[in-house]
Amino acid sequence: MTQTTSSAAPADDTPPFRYSATLAQEIELRWQDWWDDHGTFEAPNPAGPLADPDAVAARGDKLFVLDMFPYPSGAGLHVGHPLGYIGTDVYSRYQRMRGRNVLYTMGFDAFGLPAEQYAVQTGQHPAVTTNENIATMRRQLRRLGLSHDPRRSISTTDPAYYRWTQWIFLQIFESWYDADQQRARPIAELVAELESGVRPTPDGRRWSDLDDGERRDVIDAQRLAYVSDAPVNWCPGLGTVVANEEVTADGRSDRGNFPVFKRNMRQWMMRITAYADRLLDDLELLDWSDAIVTMQRNWIGKSPGAEVRFDSPAGPITVFTTRPDTLFGASFMVLAPEHPLVEVLTTAEHADTVADYRRRAAAKKDVDRQDDTREKTGVPTGSTATNPVTGEQIPVWIADYVLMGYGTGAIMAVPCGDQRDFEFARRFDLPIPAIQRPPDAWFEQHGLEPTLDTDAWPEAYVGDAPYVNSANATLDLNGVASVAEGVQRTNEWLEAHGHGTATITYKLRDWLFSRQRYWGEPFPIVYDEHGRPHGLPDHQLPVELPETDSFSPRTFDPDDEHSDPESPLDRLSGWADVELDLGDGPRRYRRDTNVMPQWAGSCWYELRYLDPTNDQCFVDPENERYWMGPRTDERPDHPGGVDLYVGGVEHAVLHLLYARFWHKVLYDLGHVSSKEPFARLFNQGYILADAYTDERGVYVEAAEVEARDGEFLHDGRPVTREWGKMGKSLKNAVSPDEMYEQYGADTLRLYEMAMGPLDASRPWDSRDVVGMYRFLQRLWRNIVDEQTGALVVVDTPPDDATRRAMHRTIDVVATEMEALRFNTAIARLIELNNHVTKLDATPREVADTMVLMLGPLVPHVAEELWRRLGHTGTITHEAFPIADPAFLVDDTVEYPVQVNGKVRGRITVAADADPATVEAAALADDKVAAATGGAPPKKVIVVPGRMVNVVV
RNA sequence: GCGGGCGUGGCGGAACUGGCAGACGCGCGGGCCUUAGGAGCCCGUUCCGGAAGGAGUGAGGGUUCGAGUCCCUCCGCCCGCACCA
């Protein structure tokens, strides 16, 4: 292993054994092969096909490090992609040297629209391009020296994988949510409870009195995966329906940016709303960033409040409010234009204006609802409703600021306490009764004398304040000063008098789970002649995607709202129509011709990594317990899950919410021991780069731009410098290949880790990379003679200063590695190496230690130097150096001495000197005395080990 | 508008619980080596000043012996949500 070809540097006087890019590459390729040949990064399992219990026992504590599941793009990697991967690799390698059994691998989330769209363009089957892309990406990642266990790499498109995706779908399909026990249970248990009468049927009849069809209806209505005919987001431009989460705020698809229309359609839904509270509450068990936790919280959008019924000529109108305490101030009502009661409520006098307003509202896309300056619009229906607490008749309006999709699609308007209602009331001259006495500070802030005359108020008052005018015969809030108490008392009153109930509303909707595409997991579902879905038995899985040339979905004019989705699988009647025996003899069935959304495969991939080749179950329970079981030794409420999950913030809501949901269902059904899939989440930043646009605003190749006298020129024409995420679209991508060519993979790894903290986005500058290359050259030169290739280390022990520097470095580097602060770890290693550079010769002890510490960061050159230093095997499982505490404390300490907060002198005293001694030494110092001018100090502060401050 | 995050040299960034601001790297300046250097090595590099010294972490105020760090007001940037009742 140790003989190398000499570095074939450009024809010049470069020393033959210098750590050049050529030599670096030779070392890297050689060690990558060696690692593969020796299975260096394989992590043993306690059970199942990859079981090696002895090896598990021989290693220390387990650690599961995970990167977010990448989509294998055909475009190839740029240097921005692997930032997180390098981070997890360094961490994994570090932890292996700490003796831990580290599970670290990477698979591919390869179903989905891009592959299908590419296939449609090229006419090549998506399976072919997908496999090519995966091969390319594996090769590119290997070249970086990532220490993945290759045996555990998977692809969602592999039938051996999606067989289990389908199996999990069936688990969900065959489950219902028991609201009393707050967990999913098998449908069979629901049937048993209905049969025995423990649980009543929805209409109260006896189960035995229901016919087969009625029973199926009762059951199907409870399933966690269910077929529903409900409003969904139909996107003609994509030819498929998409989930709420995939629609942007302006009503377009997040992929492709096509218009999306609300349409009633028969689609698969996932009852994620049943888990809303647990998805919310369990966020507290997770070690995730505040930003992501907040985003998840907002997305779930839990609002406690009340539903209140207002009597009207059209029967009771139910509204949802988070402020039932303000009911006395409800002076009008507003319904969404689409509200079903609008027609009944509208009087003849207002029929035309209402019809007109509804038509305009319907024609407005969500985009248009936004761009006006939020000027409130609306029209009265002519009817009134009864305010249940005051008995007053209040007018009912319709307005498009009330959305049909949230709450009940109707609100009670309390203009004095809600800004939107306030604006609406002002606009249409509706009464604004005051029901709270805002605090004096609020009036002061608006330059007003305190008054209950709301004509003087510039805006609504929202918050705690004593109630006024808030009493009837049986409810009196006057004088109560807290919203919480007001809400509670009103809720009690509403329930006692039959006017409403305390309720909780969520923004989270059930998850639309079917797509009319080809390149996804087929549903393991067939329909009988009544159109009822049946799950296929286990032995018929996987339902493989049928071979076809016409994998292209039918897409439509993006604005053709009235088109209908047409799944590619639907056209394959030979595949879709089947005869099966599902237990009651052979019958004709029709397969479900939808496919699952791309999120399906990434909802459970981390579990498959644990036991990727197990064909008996999706993961052996023993393996799941070992790798992902709750760490109650760390924390009594530890939820279990991946120890470290690294990825970008872009998956804050979609993937992380869906995966948590599936995991909780599997937990409820007893398939996994962990409550949560990802115990700790770390969001890495992005690599940004300069981008340049020409006079048309079109991006030009950043690599071809020249800077001259503060101007930027492309092809001799001036261009404008901009700023953005590195990528193909901004034409500012830098390929890792260029970096290998110039410096090698170790330098690239080191630079990416050194340029800043892992969670920060930072600009790429290729010119900066050379700094890390120089460092590695200096390191190499401290160990290997550039002219002869001979070792230059000496066996004499290091001098005291060097040994102390070494141990201090070990101490800090270990701390920083543990905390993922690789940038500061690298800085300390450079400092130590710079220190060694100044020595006459490198003591072997220091060389060994430095190489070990650099192993996680620059594994190839570290392995190479380790061998050259006379060791055998790989550095992978060598123990990371341990600092000797004896060398961390110095005999003497230098204290800066401040006079009135400014450093005026320095003293050196024994490390164990007591404060009085330090003080005396400080006052005795010439410079300090000069600065104080001989004045006696008023006070002297001694911070042990830190500094002295003399106050005069 | 609401929520989250962030403002430190020419640049990327260091600075543990308040305790020597600017570690480390780039760039830049000087030197060495060289026919040459867009290679490599050494020294220097926050700003003003020749120096002594002074100023300095977006702006202003406060707490403290001491503030980049804590508190208040303001300015600017980034991200998320967006008429959510």
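Computed over heavy atoms, backbone and side chain alike; hydrogens, waters and symmetry mates excluded.
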Can you tell me how far [atom1] in [N] sits from the matching atom in [M], rounded to whole Å?
N	M	atom1	value
B/rG7	B/rC83	C1'	32 Å
B/rC26	B/rU64	C1'	38 Å
B/rU45	B/rA23	P	10 Å
B/rC2	B/rC24	C1'	40 Å
B/rG76	B/rC41	C1'	44 Å
B/rC6	B/rG50	C1'	40 Å
B/rU17	B/rG80	C1'	31 Å
B/rU69	B/rG60	P	13 Å

Once you apply a heavy-atom cut-off of 4.0 Å, does [X] come out as touching a base, just sugar-phosphate, or nothing?
X	answer
A/Arg904	sugar-phosphate
A/Met755	sugar-phosphate
A/Arg781	sugar-phosphate
A/Thr837	sugar-phosphate
A/Glu786	nothing
A/Arg906	base
A/Asn834	sugar-phosphate
A/Ser761	sugar-phosphate
A/Asn823	sugar-phosphate
A/Lys838	sugar-phosphate

Practice problem: With side-chain contact (heavy atoms from CB on, under 4.5 Å) as the test, would you mind laying out the steps for A/Ser303 and A/Lys507 before giving the verdict? | Solution: CA-CA 8 Å; A/Ser303 308; A/Lys507 207 178 88 173; over 6 Å; no
Counting side-chain heavy atoms from C-beta on, which of [options] comes nearest to [X]?
X	options	answer
A/Arg778	B/rG25, B/rG3, B/rA39	B/rG25
A/Ile830	B/rC43, B/rC24, B/rC26	B/rC24
A/Pro757	B/rA14, B/rC65, B/rC41	B/rA14
A/Arg774	B/rA23, B/rC65, B/rG40	B/rG40

Quiz item: More 5' along RNA chain B: A/Glu831 or A/Glu816, using each one's nearest nucleotide?
Solution: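 First, find each residue's nearest nucleotide; the 5'-ward one identifies A/Glu816.
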Exercise. Might you work through the side chain to side chain donor-acceptor pair (under 3.5 Å) test for A/Thr273 and A/Asp510, ending with a clear yes or no?
Key: CA-CA 6 Å; A/Thr273 51; A/Asp510 276 344; 2.6 Å; yes
Write down the partner of [N] under the Watson-Crick or G-U wobble criteria, each distance required to be under 3.5 Å.
N	result
B/rU57	none
B/rA51	none
B/rC65	B/rG19
B/rC77	B/rG5
B/rG38	none
B/rU45	B/rG27

Between the base of [N] and the side chain of [X], is one N or O donor paired with an acceptor at under 3.5 angstrom?
X	N	answer
A/Lys938	B/rC65	no
A/Asn949	B/rC65	yes
A/Arg946	B/rC20	no

Self-check item: Where the chi angle of B/rG49 falls, syn if within 90° of 0 and anti if not
Solution: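 Here the answer is anti: the torsion falls beyond 90° from 0.
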Practice problem: Please answer whether the main-chain N or O of A/Ala330 pairs with a side-chain N or O of A/Asn387 as donor and acceptor at a distance below 3.5 Å. | Solution: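 Yes, because the side chain of A/Asn387 sits within donor-acceptor range (under 3.5 Å) of the backbone of A/Ala330.
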Quiz item: Does A/Arg420 use its side chain to pair, donor to acceptor, with the backbone of A/Ala413 at less than 3.5 Å?
Solution: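 Judged by distance alone, no pair lies under 3.5 Å.
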To the nearest angstrom, how far is [X] atom [atom1] from [N] atom [atom2]?
X	N	atom1	atom2	result
A/Tyr401	B/rA85	OH	C1'	8 Å
A/Glu894	B/rG19	CD	C1'	15 Å
A/Arg762	B/rC26	CZ	P	17 Å
A/Leu832	B/rG25	CG	C1'	17 Å
A/Lys939	B/rG66	NZ	P	9 Å
A/Asp690	B/rC26	CG	P	19 Å

Quiz item: Is a side-chain donor-acceptor pair under 3.5 Å present for A/Tyr506 with A/Asp277?
Solution: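 There is such a pair (donor and acceptor under 3.5 Å, judged by atom type) between the side chains of A/Asp277 and A/Tyr506.
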Practice problem: For A/Thr408 and A/Thr505, run side-chain contact (heavy atoms from CB on, under 4.5 Å): C-alpha distance rounded to whole Å, both residues' side-chain angles, the deciding distance at 0.1 Å, then the answer. | Solution: CA-CA 10 Å; A/Thr408 61; A/Thr505 293; over 6 Å; no
Quiz item: Does A/Glu831 pair with A/Arg828 as a salt bridge, N-O distance under 4.0 Å?
Solution: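 So A/Glu831 pairs with A/Arg828 through a salt bridge.
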Quiz item: A/Tyr401 ring centre to A/Lys376 NZ or CZ under 6.0 Å, with the angle to the axis within 45°?
Solution: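 Yes; both conditions hold, so A/Lys376 lies above the ring face of A/Tyr401.
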